[in-house]
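Below is one structure; the comments refer to it alone.
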Amino acid sequence: MKYQSERLHKREHKIKQIKGCTFNLKETGEHTVGVIAQDVEKVLPQLIRGEEGEKGVQYNGLIGLLTEAVKELTTKVETLESKVDALEG
């Protein structure tokens, strides 16, 4: 159950600080895609588990941030499209 719900702020700023990348897992050597825990830790430290050298990201926690960022960007695109339509009109 959730309590003390709060909207995420500075979504775009946070996302810009997180780099998507490919890497090999130390344990298995498996080649995978993800984000760097140290990048996420700077903006959302609550999503990091483990100690230095063995840090991991709780990826489910990124969903809310990404959802809000997509909505924010969609609003910006719609605004820009309206302005372009008005100029072309």
Side-chain angles (χ1 to χ4, degrees):
M1 182 180 276
K2 297 175 181 130
Y3 65 99
Q4 295 181 331
S5 176
E6 185 178 315
R7 294 282 308 247
L8 293 167
H9 300 286
K10 298 183 180 179
R11 296 170 289 269
E12 284 182 64
H13 175 73
K14 289 179 181 179
I15 289 174
K16 286 180 182 180
Q17 294 183 60
I18 301 172
K19 295 184 275 303
C21 60
T22 61
F23 51 87
N24 295 326
L25 297 175
K26 287 181 183 178
E27 311 82 46
T28 64
E30 176 188 357
H31 190 70
T32 190
V33 177
V35 294
I36 303 299
Q38 289 79 359
D39 292 342
V40 176
E41 187 173 35
K42 292 174 189 172
V43 293
L44 295 166
Q46 65 271 35
L47 298 184
I48 303 302
R49 297 293 179 256
E51 301 300 320
E52 196 62 46
E54 297 294 326
K55 292 183 179 182
V57 177
Q58 288 186 296
Y59 283 94
N60 285 343
L62 291 174
I63 294 170
L65 176 67
L66 295 171
T67 299
E68 291 302 311
V70 167
K71 290 193 291 188
E72 186 175 311
L73 291 172
T74 299
T75 299
K76 286 182 179 183
V77 167
E78 289 169 346
T79 300
L80 291 172
E81 286 174 338
S82 293
K83 288 180 179 181
V84 167
D85 289 344
L87 290 171
E88 291 178 342

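Predicted, not measured: the structure shown is a model, and the values here were computed from it. The residues of the chain are indexed from 1 along the displayed sequence.
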Point to revise | Heavy atoms of other groups near Glu27 CD, more than 12 under 6.0 Å | key: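 Yes.
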**Study point:** Co-membership, hydrophobic cluster, residues Leu25 and Val40, 4.5 Å side-chain
**Key:** yes
Review point. Do you reckon Leu66 sits in the same ILVMFWY cluster as Leu47, going by side-chain contacts under 4.5 Å, direct or chained?
Key: yes
Review point. Do side-chain atoms of Lys26 reach the backbone of Gly53 as a donor and acceptor pair under 3.5 angstrom?
Key: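 Between the backbone of Gly53 and the side chain of Lys26 there is a qualifying donor-acceptor contact (under 3.5 Å).
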Nearest 0.5 Å, please: how far is [atom2] in [Y] from [atom1] in [X]?
{"X": "Gln38", "Y": "Lys55", "atom1": "CD", "atom2": "NZ", "answer": "5.5 Å"}
{"X": "Glu81", "Y": "Asp85", "atom1": "CD", "atom2": "CG", "answer": "7.0 Å"}
{"X": "Ile36", "Y": "Lys19", "atom1": "CD1", "atom2": "NZ", "answer": "7.0 Å"}
{"X": "Leu44", "Y": "Ile15", "atom1": "CG", "atom2": "CD1", "answer": "9.5 Å"}

Review point. Where is the tightest heavy-atom contact between Gln46 and Gln58, given as atom of each residue plus distance?
Key: O-OE1, 3.7 Å
Practice item. Decide yes or no for Leu62 and Val35: does some side-chain heavy atom of the first lie under 4.5 Å from some side-chain heavy atom of the second? Key: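 Yes. Closest side-chain heavy atoms under 4.5 Å.
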Review point. Within a strict 4.5 Å, meaning less than it, do heavy atoms of the Val57 and Ile48 side chains meet?
Key: yes
